[in-house]
Visitor: 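The structure follows.
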Amino acid sequence: MADTSPSVSRGLWLIKSEPTVYPWSQLVKDKKTAWTGIRNFTARLNLRAMKKGDLCFFYHSNEGKEMVGVAKVVKTAYADSTAEEGDWSCVDVAAVYPLKSPVTLATVKATKALAKMQLLVQSRLSVSKVTEAEWALIHELSSTKPR
DNA sequence: GCCAACGTTGGC
DNA sequence: GCCAACGTTGGC
């Protein structure tokens, strides 16, 4: 029998944004936004692998250095109109819920079970993968119930 | 503000 | 196909 649990098929990701450029609070205000400006092949690969309904941690880079919320992919990859040249993609994401207490990079680094997070392994990658185990643990650390 | 790490470009 | 030079990201 097919398992209908969403945890089997959903993709889990982490998307980075500098809060001075586009903070979580702005996504909450906007409800949804086009996730444009990705100009890295590995990140593009991840973007294009996203499916509708996939969930993403929203991470504040540079300032904060913490995961602050969860966003959802509401539109799969399409041409990024902000790209002047080259074959780049974007997706649409919507705010879903905030993390009760943000999970900082320092916490991630200090947590053994999170040592293999793509966030750490490929520190400059702006769209990275998150495993189910990492997803669950980060929710625990943030005192937030996954939805 | 600095700089390490990493990705990309281009000369050979 | 290698690798030096360069540009960018992002932590510190």
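All chains are named by letter (A, B, ...) in the order of the sequence lines, taking the proteins before the strands, and each is independently numbered beginning at 1.
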Visitor: Rounded to the Å, how far apart are A:K65 NZ and C:dG10 P?
Guide: 12 Å

Visitor: What is the distance, rounded to the nearest whole Å, between atom CG of A:L105 and atom P of C:dT9?
Guide: 18 Å

Visitor: Can you measure A:E18 atom CD to C:dG10 atom C1' for me and round it to whole angstrom units?
Guide: 8 Å

Visitor: Measuring from the side chain of A:Q122 (C-beta onward, heavy atoms only), which nucleotide among B:dG7, C:dG10, C:dG11 has the closest atom?
Guide: B:dG7

Visitor: Find the distance A:N62:CG to C:dT8:P and express it as a whole number of Å.
Guide: 15 Å

Visitor: When you check the gap from the basic side-chain N to the acidic O, do A:E132 and A:R10 get nearer than 4.0 Å?
Guide: yes

Visitor: Does atom NZ (A:K51) have a neighbourhood of more than 12 heavy atoms from anything else shown, all under 6.0 Å?
Guide: yes

Visitor: Whole angstrom is fine here: how far is it from CG in A:L119 over to P in C:dG10?
Guide: 10 Å

Visitor: Check the phosphate of C:dT9 against A:K16, side-chain N and O only, distance under 4.0 Å to OP1 or OP2. Yes or no?
Guide: no

Visitor: Hey, are A:R48 and A:D87 close enough for a salt bridge, meaning a charged N less than 4.0 Å from a carboxylate O?
Guide: yes

Visitor: Counting side-chain heavy atoms from C-beta on, which of B:dT8, C:dG10, C:dG11 comes nearest to A:Y59?
Guide: C:dG11

Visitor: A:F58 vs A:W35 aromatic rings, parallel, tilted or perpendicular, using cut-offs 30° and 60°?
Guide: perpendicular

Visitor: Please tell me which of the listed nucleotides, C:dG10, B:dT8, C:dG11, lies nearest to the side chain of A:S126?
Guide: C:dG10

Visitor: Could you check which of B:dG7, C:dG10, C:dC12 has an atom nearest any side-chain atom of A:K109?
Guide: C:dC12

Visitor: Let me know the distance between CG of A:L125 and P of C:dT8, rounded to the nearest Å.
Guide: 18 Å

Visitor: Roughly how many Å is it from CD1 in A:I15 to C1' in C:dT9, rounded to a whole number?
Guide: 17 Å

Visitor: Take the protein atom CG of A:N40 and the nucleotide atom C1' of C:dG10, then report the distance between them rounded to whole Å.
Guide: 13 Å

